[in-house]
Protein chains: 2
Amino acid sequence: MTNENLDKQQGSTTASGRRSAKRSLTVYDDLQREIMLGVLPPMATIVEMEIAERFGCSQSTVREALIALSNDGLVERRSHRGTFVADARADDAHEMIRIRRDIESRSMVRVLRRFGSLLRSELSETIENMKAAAMQDDVYQLTLYDRAFHLNLFDAADLPSVRPMLQRCLIHNHRFKILNSGSQRDLYETAVRHEAILDALAEGNAKKATAAIAHHVTTIAEFGPDITEEDI
Amino acid sequence: MTNENLDKQQGSTTASGRRSAKRSLTVYDDLQREIMLGVLPPMATIVEMEIAERFGCSQSTVREALIALSNDGLVERRSHRGTFVADARADDAHEMIRIRRDIESRSMVRVLRRFGSLLRSELSETIENMKAAAMQDDVYQLTLYDRAFHLNLFDAADLPSVRPMLQRCLIHNHRFKILNSGSQRDLYETAVRHEAILDALAEGNAKKATAAIAHHVTTIAEFGPDITEEDI
DNA sequence: TATCGCTATATTATCGATAATGAAACGGAG
DNA sequence: CTCCGTTTCATTATCGATAATATAGCGATA
């Protein structure tokens, strides 16, 4: 409950109950979920007024959410034409994985400097949440916790300007994985895999931690043959 | 005049004359310039209504521009509190350079597949524009053309989802460089340096081109001792 | 029948006003 | 003098309506 980002998402994920917490965030979260799950498939058209009607809010509010989604690279806005769900191509996805791998790997030595029991227990809790989501087969919730885990960890590196880039990579990774996997059944395994990273950190071994995260990133998504290598 | 991004900027840079071309873009471009040049220093507060008054537009229009700036990581928006110019720290800047180096380096083999005389002449022209800006000591205009050069080149790699990440890196690199250099006088040299990249590409030598861009990125900004290596 | 300019239409972009909100200033109780 | 609740204030967030604009479709012309 300390991660602002996780809070954000919960704020609207819990939308079933209350409905405060910035209207535009609710729209943002809901649309993001539908795009990531493919309910809104690549190339689909999004019309501001339609969304506004659906959520019972004004066009301006939707607009803000759509702009935020375009920041994440989930939609593309064309002036006076409309907003379109972004394509999800394999080449981009692979490059995003590499970028993410590099960012997270390089961050570990910095993370280690600030790694303490507080962060450790927070991350442990997040892993437990992942497991719970996995057991309920809630793929999307699992990715939400996964994102929270990696961003929370990265925050310890204290590189605020880089954070949004990692976030963007994570979103794209997750979207691509969800869109290109016929309901794979190793969800629980995915959650458990995070423990290795935590263990390496607890050990205080920078080299081991770096290797752990690099391995983690390159293996979560069993994309084609070898993701790590330059493709084609 | 083919690059949409360059067009954007010119559209409002030329604002002295006409004033069409999306009001919010004008605000966006002007504020971006002021932030990059330090006119609006890190931590400065930006109030939506003040900007609106200054540009003679409505708060909504400013709002859109500010959201876009926060996407670029140039400002941070805090709910109901205000918008603040983002800090520009060395650690972040260094990591951004590394990310950029990796992205651009890896892209070269893809770029080479599509590199033709049209792109070559476009980039040549951009270099000439850089030289012109350098001779007029217009640092900011130089960075604008530099951005156009690198993005235009990267577009040939056809990795649309990755493009915004590169753009973000470029913006941060330029801002940090401008903010931390007491009017350095090698502007013209900076422009000329791009020719090596073009030459390597024209030669069709992937390895050489990759090395050229990597070298280019790590040397443009003579940050501290060694940018390439992990710092601290 | 192909091309060019015009118009109709769908959609965003902008506006001005009002509501919501978080933080700081204030004041009273202990 | 300090702590805690309340009010006030600066600022964003949202709304509903209007203006601007890019595209598609149509019709006239050669």
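What's counted below: heavy atoms across the whole structure, side chains too, no hydrogens, waters or symmetry copies. Every chain is numbered from 1, with letters handed out A, B, ... down the list of sequences.
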Pick out which of A/R63, A/R54, A/R81 makes a salt bridge (charged side-chain N to carboxylate O under 4.0 Å, His left out) with A/E48.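 For A/E48, the salt bridge (charged side-chain N to carboxylate O under 4.0 Å, His left out) test succeeds with only one of A/R63, A/R54, A/R81, which is A/R63.
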Show each protein N/O and nucleotides 16-19 of chain C N/O combination with a separation under 3.5 Å, one pair to a line.
{"unit_1": "C/dG16", "atom_1": "O6", "unit_2": "B/S60", "atom_2": "OG", "d": "3.4"}

Take atom [atom1] of [X] and atom [atom2] of [N], then tell me their distance rounded to the nearest Å.
X: B/I67; N: D/dT11; atom1: CD1; atom2: P; result: 18 Å
X: A/K22; N: D/dC15; atom1: NZ; atom2: P; result: 12 Å
X: A/R81; N: C/dA13; atom1: CZ; atom2: P; result: 12 Å
X: B/F55; N: C/dA13; atom1: CZ; atom2: C1'; result: 17 Å
X: B/L25; N: C/dT12; atom1: CG; atom2: P; result: 17 Å
X: B/E64; N: C/dC15; atom1: CD; atom2: P; result: 11 Å

So, are B/K22 and B/E64 salt-bridged, with charged N and O less than 4.0 Å apart?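 Looking at B/K22 and B/E64, the cut-off is met.
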Geometric cation-pi criterion B/R78 and B/F84, 6.0 Å radius, 45° cone: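 Ring-cation test returns yes.
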Does A/R163 make a cation-pi contact with A/F154 (under 6.0 Å, within 45 degrees of the axis)?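 Verdict for A/F154: no cation-pi partner in A/R163.
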Using a distance-only test with no angle check, is there a side-chain donor-acceptor pair under 3.5 angstrom linking A/H172 and A/R100?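 Per modelled atom types, A/H172 and A/R100 side chains form no pair under 3.5 Å.
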Say whether B/D138 and B/Y145, considering side chains only, have a donor N or O and an acceptor N or O under 3.5 Å apart.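 Per modelled atom types, B/D138 and B/Y145 side chains form no pair under 3.5 Å.
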Of B/S79 and A/S79, whose nearest nucleotide on DNA chain D comes first from the 5' end?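 The residue whose closest nucleotide sits nearer the 5' end is B/S79.
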Between B/H216 and B/H150, is there a side-chain heavy-atom distance shorter than 4.5 Å?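 The answer is yes; the side chains approach within 4.5 Å.
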[N] phosphate, OP1 or OP2: any side-chain N/O from [X] under 4.0 angstrom?
X: B/R63; N: D/dA13; answer: yes
X: B/R23; N: C/dC15; answer: yes
X: A/T61; N: D/dC15; answer: yes
X: B/R78; N: C/dA23; answer: no

As a test of reading the structure: which of C/dA13, D/dA13, D/dT12 is closest to the side chain of B/T83, going by heavy atoms?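 Nearest to the side chain of B/T83 among the choices is D/dT12.
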Passing option when A/S161 is tested against B/D87, B/D91, B/D92 for side chain to side chain contact (heavy atoms under 4.5 Å, CB included):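 Among B/D87, B/D91, B/D92, the one meeting side chain to side chain contact (heavy atoms under 4.5 Å, CB included) with A/S161 is B/D92.
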Residues from residues 39-53 of chain B sitting under 4.0 Å of DNA chain C, heavy atoms only?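 When residues 39-53 of chain B is checked for heavy atoms under 4.0 Å from DNA chain C, there are no hits whatsoever.
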Summary of side-chain hydrogen bond (donor to acceptor under 3.5 Å, both in side chains) pairs that have at least one residue in residues 37-47 of chain B, sequence neighbours excluded: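 The answer is none; no pair qualifies.
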